[in-house]
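Okay, so here's the structure we're looking at.
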Amino acid sequence: MSNQLNDESLDLLFRKARTHNAWSDRSVSDDLLRELYDVMKWGPTSANCSPARILFLRTPEAKQRLLPALAPGNVDKTMAAPVTAIIGYDGKFYEQLPKLFPHADARSWFANTPELAEVTARRNSSLQGGYFIIAARALGLDCGPMSGFDNAKVDHEFFPAEKRANFECEYFPDSHIKANFLCNIGYGDSAKLFSRSPRLDFDEACKLI
């Protein structure tokens, strides 16, 4: 496990990977989406809590349900993407902890502390969202993560409050889901990429103490 990735792999995952806004018409299979999850799920989370829940929108009908929640600048690229993933989080993630973290009674850490459960779910689903992007790139897909959308509208359409209040969800029974961010995935059109934006240098972003 100590082997280091070569430059080609690092370029694929990070240095030459780009956020895509335009897409080819090449489809993404359901089997590949399943493989994507089966890779990303191994990324670490606190107490292995794994709160991320992903809704893959792969049909025109599903995309139309998302449309009213999108910021204007995100409409065309989302409608054109083969798949849009809603990266959400389960506020009741702790009900899975007896399975995911059997070493201790981890459920009791969160069941009666809603503020801790919420911040844990948001933080760790964001981590898992990062793993999602890296896994997608590793499998040859391109990504276009977005935060330009109305969270309340997405939650109302896909995870209605009346169901969340009773810890029910159409897609994830016995869950309490809220949206974190969106990510378009598919095969990007590199000819329509913007010029690459700069990044901070090490000394601007890091300190050694």
Q. Which distance, rounded to the nearest 0.5 Å, do you find between the NZ of Lys16 and the CD of Glu8?
A. 9.0 Å
Q: Run the numbers on Ile87 and Gln128 for side chain to side chain contact (heavy atoms under 4.5 Å, CB included), then give the verdict.
A: CA-CA 9 Å; Ile87 312 294; Gln128 290 185 280; over 6 Å; no
Q) Given the rule that I, L, V, M, F, W and Y join up when any side-chain heavy atoms are under 4.5 Å apart, are Tyr131 and Leu12 in one cluster? A) no
Q) Is any side-chain heavy atom of Pro145 less than 4.5 Å from a side-chain heavy atom of Phe181? A) yes
Q.
If you define the side chain from C-beta out and look only at heavy atoms, does anything of Lys178 sit under 4.5 Å from Arg122?
A. no
Q | Whether Thr59 side chain and Ala62 backbone form a donor-acceptor pair below 3.5 Å | A | yes
**Q.** Pairwise side-chain contact, Phe56 with Ile185, heavy-atom cut-off 4.5 Å (strictly under)
**A.** yes
Q. Hydrophobic cluster mates of Leu13, side-chain heavy atoms under 4.5 angstrom, ILVMFWY only, any path?
A. Leu5, Leu10, Phe14, Ile134
Q: Kindly check if the number of other-residue, nucleotide or ligand heavy atoms within 6.0 Å of CG (Asn6) is above 12?
A: yes
**Q.** Residues forming a ring pair (Phe, Tyr, Trp, His ring centres under 6.0 Å) with Phe93, sequence neighbours excluded
**A.** Phe110
(Q) For the SG atom of Cys49 and the CD atom of Gln96, what is their distance to the nearest 0.5 Å? (A) 11.5 Å
Q. Are Thr120 and Trp109 close enough that some pair of their side-chain heavy atoms sits under 4.5 Å apart?
A. no
Q | Non-hydrogen atoms of Leu36 and Ala136 that approach each other most closely | A | CD1-N, 3.3 Å
Q | Closest approach of Pro51 to Ala121 (non-hydrogen atoms, all atoms of both residues) | A | CG-O, 3.5 Å
Q: List the atom of Gly188, the atom of Asp142, and the distance in Å for their closest heavy-atom pair.
A: N-OD2, 2.7 Å
**Q.** Taking every non-hydrogen atom, the tightest pair across Ala179 and Asn151
**A.** O-ND2, 3.1 Å
Q) Got a second to check how far Thr45's OG1 is from Phe101's CZ, nearest 0.5 Å? A) 10.0 Å
Q | Heavy-atom side-chain proximity of Leu55 to Phe159 below 4.5 angstrom | A | yes
Q: Using side chain to side chain contact (heavy atoms under 4.5 Å, CB included) as the criterion, list what pairs up with Ser27, not counting sequence neighbours.
A: none
Q | Leu208: hydrophobic cluster co-members (side-chain, 4.5 Å) | A | Phe202
Q. Would Ile133 and Cys183 satisfy side chain to side chain contact (heavy atoms under 4.5 Å, CB included), going step by step from the backbone distance to the final call?
A. CA-CA 8 Å; Ile133 293 168; Cys183 188; 4.3 Å; yes
Q) Does a side-chain heavy-atom distance below 4.5 Å link Leu57 with Val83? A) no
Q. Tell me, which pairs form a salt bridge (Lys or Arg N to Asp or Glu O under 4.0 Å) where one or both residues lie in residues 199-209, sequence neighbours left out?
A. none
Q. What pairs with Lys192 under side chain to side chain contact (heavy atoms under 4.5 Å, CB included), at least two apart in sequence or on another chain?
A. Ala22, Asp189
Q. Do any pairs count as a salt bridge (Lys or Arg N to Asp or Glu O under 4.0 Å) and have a residue in residues 52-66, sequence neighbours left out, and if so which ones?
A. Asp30-Arg58, Arg53-Asp90, Arg65-Glu157
Q.
Holding to side chain to side chain contact (heavy atoms under 4.5 Å, CB included), I want the full list of residues that pass it with Ala71, two or more places apart in sequence or in another chain.
A. Asn74
Q. So, the side chain of Ser24 versus the backbone of Tyr187: is there a donor-acceptor pair under 3.5 Å, distance only?
A. yes
Q: Can you sort out the partners of Arg18 under salt bridge (charged side-chain N to carboxylate O under 4.0 Å, His left out), two or more places apart, ordered by chain and number?
A: none
Q. Of all residues at least two apart in sequence or in a different chain, which pass the salt bridge (charged side-chain N to carboxylate O under 4.0 Å, His left out) check with Asp38?
A. Lys41
Q) Rounded to the nearest 0.5 Å, how far apart are CG of Leu70 and CG of Asp76? A) 10.0 Å
Q: Go through the steps for Asn184 and His20 under the test side chain to side chain contact (heavy atoms under 4.5 Å, CB included), then give the verdict.
A: CA-CA 8 Å; Asn184 291 327; His20 282 263; over 6 Å; no
Q.
Starting from Leu139, can I reach Trp23 by hopping between I/L/V/M/F/W/Y residues whose side chains sit under 4.5 Å apart?
A. no
**Q.** Shared hydrophobic cluster, Phe172 / Tyr89 (ILVMFWY, side-chain heavy atoms < 4.5 Å)
**A.** no
Q.
I want to check a possible cation-pi pair here: Arg107 against Tyr94, using under 6.0 Å from ring centre and within 45° of the ring axis as the test.
A. no
Q. For Phe194, which residues count as a side chain to side chain contact (heavy atoms under 4.5 Å, CB included) partner, sequence neighbours excluded?
A. Asn21
Q: Measure the shortest side-chain to side-chain distance between Thr84 and Leu66 over non-hydrogen atoms and say whether it is less than 4.5 angstrom.
A: yes
Q) Who passes salt bridge (charged side-chain N to carboxylate O under 4.0 Å, His left out) against Asp7, sequence neighbours left out? A) Arg15
Q. From Leu32 CG over to Arg34 CZ, what is the distance, rounded to the nearest 0.5 angstrom?
A. 12.0 Å
Q: Consider only side-chain heavy atoms of I, L, V, M, F, W and Y, link residues closer than 4.5 Å, and tell whether Val75 and Leu182 are in one cluster.
A: yes
Q. Got a donor-acceptor contact below 3.5 angstrom from the Asn180 side chain to the Gly88 backbone?
A. no
Q. Does a side-chain heavy-atom distance below 4.5 Å link Asn124 with Ser50?
A. no
